[in-house]
Amino acid sequence: MGIIFDEKNKIFTLHTHHATYQMKVDKYGFLLHLYYGQKSEGCMDYLLHFADRGFSGNPYDAGDDRTFSMDVLPQELPCQGTGDFRSLAVIIKNADGSYDSNFRYVGHRIRDGKYKLPGLPCVYAKDSQAQTLEIDVEDVVTNVRITLFYGVLEESDIITRSACICNAGTGKICLQKAQAACLDLISGEYDLISFYGRHEMERNFQRIPLAHGVYTIGSRRGTSSHQYNPMLILAKRDTTEDAGSCYAMSFVYSGSFRAEVQKDQFCQIRALLGLSDELFSYPLAPGETFYVPEVVLTYSHTGLARLSQNLHQCFRNHLCRGKYQLSTRPILLNSWEASYFTFNGDSILQLAKQAADIGIEMLVMDDGWFGQRDDDNAGLGDWHVNEKKLGIPLGQLIQKVNDMGLKFGIWFEPESVSEDSDLYRSHPDWALSVPGRNPVRSRNQLVLDFSRKDVVDHVFSEVCKVLDQGNIEYLKWDMNRSLSDCFSRHADDQGRVQYDYVLGLYDFLERLVQRYPDLLIEGCSGGGGRFDAGMLYYSPQIWCSDNTDALDRIYIQYGTSFGYPVSAVGSHVSAVPNHQTARIIPLETRGVVAMAGTFGYELDLQHISEEEKQVIQDQIQMYKQYAPLILNGLYYRLVNPFEQEVGAWEFVSQDASQVLVQAVKLRVHGNMPVCYLCLKGLLEDAVYEDTDSKKQYGGAALMEMGLPLPSKAEDCQAYQIYLEKVR
């Protein structure tokens, strides 16, 4: 069993395949954290240390015992009002205006299966694959009750955390801060790994030693953002890809968030992850409840590679849903970089014919097909087909594309509205804006108030009218600005708007998934501005970045790989000179980099040579051959491109019989030394054969000394090596 309760000692033990998580209800009813680490048996309350700590106060219950202080003890739910002066998980403004809370244990339940969260995405599992622990704590003065949820996926080495806050009192309260997970580590020297960035350069890897103080990352943009990704890793100072202890926390949420990591006065580490407390003040009337979005936790004592693989397999198998959850996605050609806004029905059909001729499987018509949309200054919100521009009804266009043997996809940006649109002229109050103030513009568009059900219902109806016009099998869901004017004319408290907005977004997406169960949705927000676990619940792939430059993508995809599976990474081959960097990179290299993702193309096929068309045909066949291994195999980072002159990664089948190595030389110098790539995840006593060269290698030698990359005096040279176990 994954969850055990020791009634005598009031200890909860959560076991996964390789890890143990333990906590205790102490004699005063506080829920104290004891241990999270390598799988272990027995009671770990000996780790708690009690001493008289100056200026660290004591609960009234403790009487004259000055050694008991919540300012020092590790906890599951640190709150304002107990004398804990560190970063806190929950802050509540009570009906009397005070901020104090004092939550004590009142009961618990253990059951098979994984809990669900109303209106929110979360990890799911069969009853045989998971257990749920619910712990109730209550403040006896205010009658506010919090239920802490723990989901244990034993074989996946995953523990999830969430909470439900219920106002069982008689007065209105207001949530000021709500974090889903707190991880208190009482000793050890740790590094913090986080992922920063910007538009067109998301999820850069950063590893820094934790020093005293509070390190904070987050988003106040209403989306998870390009700037910081809602996941973090704590790794012991000596942890590498292949050895050492490390923890990951990933937020299953697509809005503003806050992550805090604190090293306190006694060198203890506290990591918190949950909702941003900026622009957040959520009222709860008597009887109302609030659900905190989920955080996924995992631990590895064998290094970062295993930590990432735990998350990959959890998200792939227990978060993504639908027809394309585990299957190979169609290889698509997107019209955006081929034509931008300048297209019509004839040019789309011409692009489709060229795509069909070389083996591409889907044509996607991007921005510009609706309303008066000839640039990015008008038309958003008017989701009716511009047949004058296309010169043909959408249904007929789709049928013609289907008749060529291609699937058809389309682009939407449902959350936004242009001021120059019929929708805005009819309903200016539907946009988020502050009365009496001019709104902040971004891309000359505003954001629709998705915290309002009537707005969501209208846009959903308009989008469905388009989707029902033909056999549309793919939808690219874009969102090209941040939320700045967070004021809703229908909200009783403006501090709830951002959270309710995300609930409206999720409601829309869930209805879309239920109505069109075979529709492949690709998430997008100016590329990777909303690349988070919450979106994966609705869209099994997310456009990784608007930057399609293959060299930059190596860095972007490297950072992304720490928290997200390759099957979620939207990645395309684009034209050169690249439209973002003007860099010229060989087509072969662009193909290898894009294959470390869902794979597709974003270029005008009229402007490439016959020789290049043949290369593309070969790439398509190659990807189809390797796709099951790429999308569902174990992923290994072989080098850190931020530190090396090569980018390299590897896919290994679950039984270690198939291996695909991909690498790109990032820089070329005169008389370069040989680069040896030490492979990972192989069988030591096995022999592997390179299917191209027919050379054979011992598994142990490949992992110990590596595979030499042939030296070539060519910038950005790519390598792709496929090995099979022969004995």
Side-chain angles (χ1 to χ4, degrees), residues 33 36-37 71-72 74-80 84-91 161 176-198 201-221 223-240 244-251 253 255-280 292-293 295-300 304 307-308 311 531-533 558-560 562-563 640 642:
H33 179 78
Y36 187 25
D71 193 32
V72 178
Q75 300 166 58
E76 293 295 309
L77 186 71
C79 297
Q80 176 68 35
D84 188 348
F85 294 96
R86 296 169 290 179
S87 297
L88 302 171
V90 173
I91 300 176
R161 287 203 56 183
Q176 302 291 304
K177 187 176 184 181
Q179 306 291 86
C182 172
L183 181 59
D184 276 354
L185 304 174
I186 57 175
S187 67
E189 293 297 320
Y190 286 88
D191 290 342
L192 173 64
I193 298 174
S194 60
F195 305 91
Y196 70 95
R198 57 191 181 275
M201 203 63 203
E202 299 89 341
R203 290 174 300 287
N204 294 278
F205 174 88
Q206 176 175 268
R207 180 170 181 167
I208 60 173
L210 278 176
H212 286 278
V214 182
Y215 185 89
T216 302
I217 61 170
S219 167
R220 60 196 308 272
R221 296 169 179 263
T223 66
S224 47
S225 84
H226 301 83
Q227 285 68 30
Y228 297 101
N229 196 258
M231 74 157 293
L232 58 87
I233 295 172
L234 288 173
K236 283 198 171 177
R237 201 62 53 83
D238 59 352
T239 297
T240 65
S245 292
C246 45
Y247 305 83
M249 304 174 76
S250 183
F251 199 23
Y253 187 67
S256 298
F257 75 95
R258 182 180 181 91
E260 300 171 74
V261 183
Q262 180 178 22
K263 187 172 187 178
D264 72 10
Q265 57 184 328
F266 300 112
C267 301
Q268 300 177 127
I269 304 296
R270 170 170 289 174
L272 295 161
L273 181 56
L275 296 168
S276 173
D277 53 348
E278 294 188 63
L279 304 180
F280 177 80
V292 186
V295 165
V296 174
L297 299 168
T298 190
Y299 165 82
S300 166
L304 295 166
L307 193 78
S308 294
L311 291 174
F531 203 116
D532 56 69
Y558 174 80
T560 304
F562 280 85
N640 181 347
F642 289 89

May I have the step-by-step check of side-chain contact (heavy atoms from CB on, under 4.5 Å) for Ile233 and Leu192, ending in yes or no? CA-CA 6 Å; Ile233 295 172; Leu192 173 64; over 6 Å; no
Measure across [X] and [Y] and return the closest heavy-atom pair with its distance rounded to 0.1 Å.
| X | Y | result |
| --- | --- | --- |
| Pro209 | Asp191 | CA-OD1, 3.2 Å |
| Arg203 | Phe195 | CA-CB, 3.9 Å |
| Ala89 | Leu272 | CB-CD2, 3.9 Å |
| Ser219 | Ser224 | CB-O, 3.6 Å |
| Cys246 | Leu307 | O-CD1, 3.5 Å |
| Ala533 | Ser250 | CB-OG, 4.1 Å |

Hey, what do you get for [atom1] ([X]) to [atom2] ([Y]), rounding to the nearest 0.5 Å?
| X | Y | atom1 | atom2 | result |
| --- | --- | --- | --- | --- |
| Gln176 | Leu275 | CD | CG | 12.5 Å |
| Phe257 | Leu273 | CZ | CG | 7.5 Å |
| Leu311 | Phe562 | CG | CZ | 11.5 Å |
| Ile269 | Asp264 | CD1 | CG | 7.5 Å |
| Leu234 | Leu183 | CG | CG | 6.5 Å |

With side chains defined as the heavy atoms from C-beta onward, is the minimum distance between [X] and [Y] less than 4.5 Å?
| X | Y | answer |
| --- | --- | --- |
| Phe531 | Thr560 | yes |
| Val90 | Val292 | no |
| Asp71 | Arg86 | yes |
| Val261 | Leu232 | yes |
| Tyr247 | Leu297 | no |

Show your working on side-chain contact (heavy atoms from CB on, under 4.5 Å) between Glu202 and Ser225 and close with a plain yes or no. CA-CA 9 Å; Glu202 299 89 341; Ser225 84; over 6 Å; no
Considering residues at least two apart in sequence or located in another chain, which fulfil the ring-ring contact (aromatic ring centres under 6.0 Å, His included) criterion with Phe251? Tyr253
Evaluate Met231 against Ile217 for side-chain contact (heavy atoms from CB on, under 4.5 Å), listing each step before the verdict. CA-CA 10 Å; Met231 74 157 293; Ile217 61 170; over 6 Å; no
Check whether the side chains of Asp184 and Gln268 place a donor and an acceptor atom closer than 3.5 Å, and report yes or no. no
Any chance the rings of Tyr228 and Tyr196 have centres within less than 6.0 Å? no
By side chain to side chain contact (heavy atoms under 4.5 Å, CB included), which residues pair with Glu189, not counting sequence neighbours? Arg237, Lys263
Sequence neighbours excluded, which residues qualify as side chain to side chain contact (heavy atoms under 4.5 Å, CB included) partners of Gln80? Leu88, Ile91, Tyr99, Asp100
Identify which one of Gln179, Lys177, Arg220 satisfies the side chain to side chain contact (heavy atoms under 4.5 Å, CB included) criterion when paired with Asp277. Lys177
Using modelled atom types only, decide if a donor and an acceptor are shared between the side chain of [X] and the backbone of [Y] within a distance under 3.5 Å.
| X | Y | answer |
| --- | --- | --- |
| Asp84 | Cys79 | no |
| Thr239 | Ser245 | yes |
| Ser276 | Ser256 | no |

Could you walk me through whether Arg270 and Glu260 pass the salt bridge (charged side-chain N to carboxylate O under 4.0 Å, His left out) check? CA-CA 8 Å; Arg270 170 170 289 174; Glu260 300 171 74; over 6 Å; no
Glu76 vs His33, side-chain hydrogen bond (donor to acceptor under 3.5 Å, both in side chains): CA-CA, chis, key distance, verdict: CA-CA 6 Å; Glu76 293 295 309; His33 179 78; 2.7 Å; yes
Starting from the C-alpha separation in whole Å, work towards a yes-or-no answer on side-chain contact (heavy atoms from CB on, under 4.5 Å) for Thr216 and Arg258. CA-CA 7 Å; Thr216 302; Arg258 182 180 181 91; 3.9 Å; yes
Evaluate salt bridge (charged side-chain N to carboxylate O under 4.0 Å, His left out) for Glu278 paired with Arg221, printing each intermediate quantity in order. CA-CA 10 Å; Glu278 294 188 63; Arg221 296 169 179 263; over 6 Å; no
Would you please classify the geometry between the Tyr558 ring and the Phe205 ring as parallel, tilted or perpendicular, with 30° and 60° separating the classes? perpendicular
